[in-house]
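Every heavy atom of this structure was used, including side-chain atoms; hydrogens, water molecules and symmetry mates were not. Atoms within each ligand, like the ligands themselves, are counted from 1 in listed order.
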Amino acid sequence: MDNRPIGMFDSGVGGLTVLKEVMKKNPNEDIIYLGDSKRFPYGSKSKESIIQLTKNGIDFLIQKGVKAIIIACGTATSQALEEMQKIYKIPIMGIIEPTVEYIKNSNKRNIGIIATTGTIRSRGWERALKEQIPNLQITSKACALLAPMAEEGWTANIVAKEAIHEYLKDLKPLPLDALILGCTHYPLFEELIKKELGENIEIINTGTTLAIKIQEELKKRNLLSNKKEANYQFYLTDVETNFIQVAQKLLQDQNKIEKILLANI
Ligand code: DGL
């Protein structure tokens with residue numbers, strides 16, 4: 001047993017979509033969430049910058065006494081996870097591996113991936129999928145504007161609808177079995193994406209499988225918490241603008257977010 005918190009990290013509100021799933025599956029676990037709002041967006045930055053920023057985030061969370069870290073960011077997972085796992089002893093999990101495992105165990109072989117420019121450029125998803133699963137048909141598409149729109153809370157308005165339509169128009173005619181939301185901001189557009197692509201394509205929210213995987217991982221290492229009620233702490237690296245609003249809408253429980261603390265990194 002280990003009642004220390006889990007640390008979670010993203011550039012902004014996107015990781016909250018992972019947090020939501022982790023909370024649901026792991027109701028006993030305290031969580032410290034860090035959103036690096038000062039340096040958002042990560043999606044357009046170089047690999048070197050992403051490695052440095054991810055390291056800063058992890059150092060901050062380790063200082064707060066976490067027992068494990070979830071990189072709840074596709075951009076940081078695809079470009080910095082391997083590097084981080086070499087540097088740190090603490091368990092660090094990203095969003096790619098649990099979803100790759102899920103697809104491997106399914107019969108889905110025609111896969112679409114949407115993510116930030118940096119993630120698509122890194123080919124991190126493609127490499128991880130092809131290493132594990134032969135005969136995959138993969139189509140990737142960078143959707144640079146979606147994460148900034150999600151930060152703004154524009155996930156259901158006419159602009160969001162048009163943007164989703166524009167970004168998905170090349171994927172729509174393809175015989176896809178599943179579409180991976182390779183950026184953690186994108187589940188905030190899930191309704192619009194479903195409407196655009198129809199019911200036959202499974203939309204994969206990476207948080208869902210990660211939430212199960214982290215539980216298995218903590219159990220294996222004897223790190224599960226036995227707390228009756230979990231605590232949640234939220235840090236941003238710059239002033240709060242839309243974070244609370246997006247979080248309350250997504251988590252549908254105002255008590256979970258009482259205040260936002262400032263992380264001075
Ligand atoms: N939520 C992030 C991701 O999953 C980052 C988006 C951004 O900062 O550009 O890629």
Legend entry - Under-4.0 Å heavy-atom contact with ligand 1, by part of Asp10 that carries it: side chain

Legend entry - Cationic N near anionic O, under 4.0 Å, Lys220 to Glu216: no

Legend entry - Result of checking Thr116, Asp36, Asp10, Thr119 against Tyr42 for side chain to side chain donor-acceptor pair (under 3.5 Å): Asp36

Inset, instruction - May I ask you to check whether over 12 heavy atoms, not counting those of Asn200, lie within 6.0 Å of atom CG? - result: no

Legend entry - Proximal atoms of ligand 1 relative to Thr116 (non-hydrogen, under 4.0 Å): 6 (C), 9 (O), 10 (O)

Inset, instruction - Before accepting this row, confirm whether a basic side-chain N of the pair Arg127/Glu131 lies closer than 4.0 Å to the acidic partner's carboxylate O. - result: no

Legend entry - Proximal ligand 1 atoms for Phe40, defined as those under 4.0 Å from one of its heavy atoms: 7 (C), 8 (O)

Inset, instruction - Taking all non-hydrogen atoms of both residues into account, name the closest pair between Trp154 and Phe189 and its distance. - result: O-CE2, 3.4 Å

Inset, instruction - Give the contacting part of Ala147 toward ligand 1: side chain, backbone, both or neither, where contact means a heavy-atom distance below 4.0 Å. - result: side chain

Inset, instruction - Please work out whether any backbone atom (N, CA, C, O) or any side-chain heavy atom from C-beta onward of Thr184 is under 4.0 Å from ligand 1, and answer side chain, backbone, both or neither. - result: both

Legend entry - Protein contact to atom 4 (O) of ligand 1 [nearest heavy atom, distance to 0.1 Å]: Gly74 N, 2.6 Å

Inset, instruction - Indicate the atoms forming the closest heavy-atom contact of Leu236 with Ser37, along with that distance. - result: CB-OG, 3.6 Å

Inset, instruction - Please identify which atoms of ligand 1 are closer than 4.0 Å to at least one heavy atom of Thr75. - result: 3 (C), 4 (O), 5 (C), 10 (O)

Inset, instruction - Identify the residue among Gln215, Arg4, Lys227, Lys67 that makes a side chain to side chain donor-acceptor pair (under 3.5 Å) with Glu29. - result: Lys67

Inset, instruction - Considering only non-hydrogen protein atoms, determine which one is nearest to atom 1 (N) of ligand 1 and report residue, atom name and distance to 0.1 Å. - result: His185 ND1, 2.7 Å

Legend entry - Nearest neighbour in protein (non-hydrogen) for atom 7 (C) of ligand 1: Tyr42 N, 3.3 Å

Legend entry - Under 4.0 Å to a heavy atom of Ser11 - the qualifying atoms of ligand 1, by number: 5 (C), 6 (C), 7 (C), 8 (O)

Legend entry - Note: Glu101-Lys104 ion pair, threshold 4.0 Å (strictly below): no

Legend entry - Which of the ligand 1 atoms, numbered from 1, are nearer than 4.0 Å to a heavy atom of Gly43: 7 (C), 8 (O), 9 (O)

